[in-house]
Peer 1: 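Let me give you the structure first, and then I'll get to my questions.
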Protein chains: 2
Amino acid sequence: MWISKRTDYATRALLALALSHDDRPLKTQEVAARTAVPHTTLEQVMLQLRSAGMVRSERGPSGGYRLNRDPSAITLEEVVRVFQGPLAPIACATRKHPEPCPMEVGCSLLGVWRRVRDATIEILQRTTFADLAREAGGSWLAPPLLQQGT
Amino acid sequence: MWISKRTDYATRALLALALSHDDRPLKTQEVAARTAVPHTTLEQVMLQLRSAGMVRSERGPSGGYRLNRDPSAITLEEVVRVFQGPLAPIACATRKHPEPCPMEVGCSLLGVWRRVRDATIEILQRTTFADLAREAGGSWLAPPLLQQGT
DNA sequence: AGCAAACCCGACAATGGTTGTCAGGTAACG
DNA sequence: CGTTACCTGACAACCATTGTCGGGTTTGCT
């Protein structure tokens with residue numbers, strides 16, 4: 001339960017983009033409809049993805065978003081880090097600048113937390129959006145007819 | 001960063017108890033000093049550990065806490081579950097009552113989240129407080145001379 | 001030119017969980 | 001019978017997250 005909604009939204013949005021084998025970019029409205037994400041919130045997320053260099057935007061009508069790299073060059077780990085920071089389960093087990101354990105040396109728990117950290121990093125690093133798109137069947141399986149007032 | 005302070009406190013406290021090869025129980029004050037945890041907060045934590053059946057209490061002067069089972073019968077997984085609930089990184093990937101993904105079928109992300117969940121569960125399940133105590137060197141390495149006003 | 005679509009940016013209210021504390025109650029030892 | 005230490009419930013302060021809004025800028029179309 002430690003993946004935030006925004007991280008979830010970001011990964012879904014990227015998957016939607018990776019599945020779009022179209023020449024035109026995808027509008028946030030389209031992405032929002034397909035991923036069932038509040039539109040205004042998704043805009044925030046896309047901005048962050050853009051400044052992280054994962055997506056590219058085009059403005060004006062007929063604008064929208066598209067991936068900025070090959071899907072095989074975007075890992076889940078990278079996305080999660082952008083929205084959540086360190087992947088360690090606890091502050092004393094981060095790779096960069098671990099917070100010192102007030103118990104001094106000898107805390108054998110540290111080893112376990114580090115193992116959890118490494119296991120999750122390993123999985124998330126191995127998974128690219130090319131993999132995810134392939135597993136999803138190559139196209140958007142869920143029909144885009146979800147709720148949406150207007 | 002998803003392990004809460006209280007979970008951290010609980011694991012540290014249990015480790016302190018597992019390392020106490022003494023006949024008398026440990027007072028919350030002692031545990032608090034050795035683990036560098038605010039005393040009043042630690043009391044809350046011990047109560048939860050007690051109602052979960054992991055520790056046992058004795059009241060009155062010369063009272064305190066001791067483990068209620070063999071250290072090898074208490075896993076980290078159990079402790080974390082008591083304080084945090086499900087171990088899945090996201091609500092749609094829990095083992096019991098997963099929250100349905102609004103994107104309908106075909107979300108290939110689910111598989112990854114489940115893999116992360118299983119990896120963490122595996123590690124935490126394998127680790128007992130007997131293991132942790134052994135790794136810690138059998139006794140409390142950090143001297144109990146930490147801060148503490150009174 | 002002018003309009004409308006869609007991205008861009010900053011700020012914000014509401015929410016909810018976490019953390020630490022407190023006052024008072026109860027059991028046990030000396 | 002008093003002190004110690006566990007027990008119980010409630011609570012304020014804090015912090016991150018979530019979703020929203022108003023207004024701006026760029027672009028394509030008529």
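Any value given below was found using the heavy atoms of this structure, including those in side chains, with hydrogens, waters and symmetry copies removed. Proteins come first, then strands; the chains are lettered A, B, ... in the order of their sequence lines, and each starts at number 1.
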Peer 1: Take the protein atom CD of B/Q48 and the nucleotide atom P of D/dG9, then report the distance between them rounded to whole Å.
Peer 2: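 Going from CD in B/Q48 over to P in D/dG9 covers 12 Å.
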
Peer 1: Given atom CH2 of A/W2 and atom P of D/dA16, what is their separation to the nearest angstrom?
Peer 2: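 Spelled out: CH2 on A/W2 to P on D/dA16 is 18 Å.
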
Peer 1: Whether A/R50 contacts C/dC8 is assessed here as follows: a side-chain N or O lying under 4.0 Å from the phosphate OP1 or OP2. Is that the case?
Peer 2: yes

Peer 1: Within residues 3-10 of chain B, which residues have any heavy atom lying less than 4.0 Å from an atom of DNA chain C?
Peer 2: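 Hits under 4.0 Å, by residue number: B/S4, B/K5, B/R6, B/Y9.
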
Peer 1: Is any side-chain N or O of B/S57 closer than 4.0 Å to OP1 or OP2 of D/dA5?
Peer 2: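 No.
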
Peer 1: Give a yes or no on whether the backbone of B/L132 and the side-chain of A/S108 come within a donor-acceptor separation of less than 3.5 Å.
Peer 2: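 The answer is yes, because a donor-acceptor pair under 3.5 Å joins these two groups.
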
Peer 1: Considering non-hydrogen atoms only, spot the tightest contact between A/A10 and A/F83 and give its length.
Peer 2: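 Between these two residues, the closest heavy atoms are CB-CE1, 3.4 Å.
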
Peer 1: Between A/D8 and A/R12, does at least one N-O distance fall below 4.0 Å, as a salt bridge requires?
Peer 2: yes

Peer 1: Can you tell me the distance, in whole Å, between the CZ atom of A/R59 and the C1' atom of D/dT26?
Peer 2: 4 Å

Peer 1: Do B/V112 and B/R115 come within less than 4.5 Å of each other through their side chains, counting heavy atoms only?
Peer 2: yes

Peer 1: Give me the atom names and distance for the closest heavy-atom approach of A/T94 to A/P86.
Peer 2: CG2-CB, 3.7 Å

Peer 1: Whole angstroms only, please: what is the NE2-P distance between B/H39 and D/dT4?
Peer 2: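 The distance from NE2 of B/H39 to P of D/dT4 comes to 13 Å, rounded to the nearest Å.
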
Peer 1: Rounded to whole Å, please give me the gap between CZ in A/R66 and P in C/dC7.
Peer 2: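 Nearest whole value for this atom pair: 12 Å.
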
Peer 1: Without decimals, in angstroms, what is the distance between A/E43 CD and D/dT25 C1'?
Peer 2: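 My rounded result for the distance is 13 Å.
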
Peer 1: Whole angstrom is fine here: how far is it from CG in A/L42 over to C1' in C/dC7?
Peer 2: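 That distance rounds to 12 Å.
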
Peer 1: Go through the N and O atoms of the side chain of B/Q44 and the base of D/dG9, and report whether any donor-acceptor pair is under 3.5 Å.
Peer 2: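 In this structure, the two groups form a donor-acceptor pair.
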
Peer 1: A quick test of your reading: do over 12 heavy atoms of other residues, nucleotides or ligands sit less than 6.0 Å from CZ of B/R66?
Peer 2: yes

Peer 1: Nearest heavy atom decides the nucleotide; on that basis, is B/S62 or A/S62 closer to the 5' end of DNA chain D?
Peer 2: B/S62

Peer 1: Could you grab the distance from atom CD1 of A/I3 to atom CD of A/Q84, nearest 0.5 Å is fine?
Peer 2: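 A/I3 CD1 to A/Q84 CD: 4.5 Å, rounded to 0.5 Å.
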
Peer 1: What is the distance from CD of A/E58 to C1' of D/dT25, rounded to the nearest Å?
Peer 2: 16 Å

Peer 1: Are OP1 or OP2 of C/dG20 and a side-chain N or O of B/T40 less than 4.0 angstrom apart?
Peer 2: no

Peer 1: Please determine, for the side chain of B/K27, which listed nucleotide (C/dT21, D/dT8, D/dA5) has the closest atom?
Peer 2: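 Comparing C/dT21, D/dT8, D/dA5 against the side chain of B/K27, the answer is D/dA5.
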
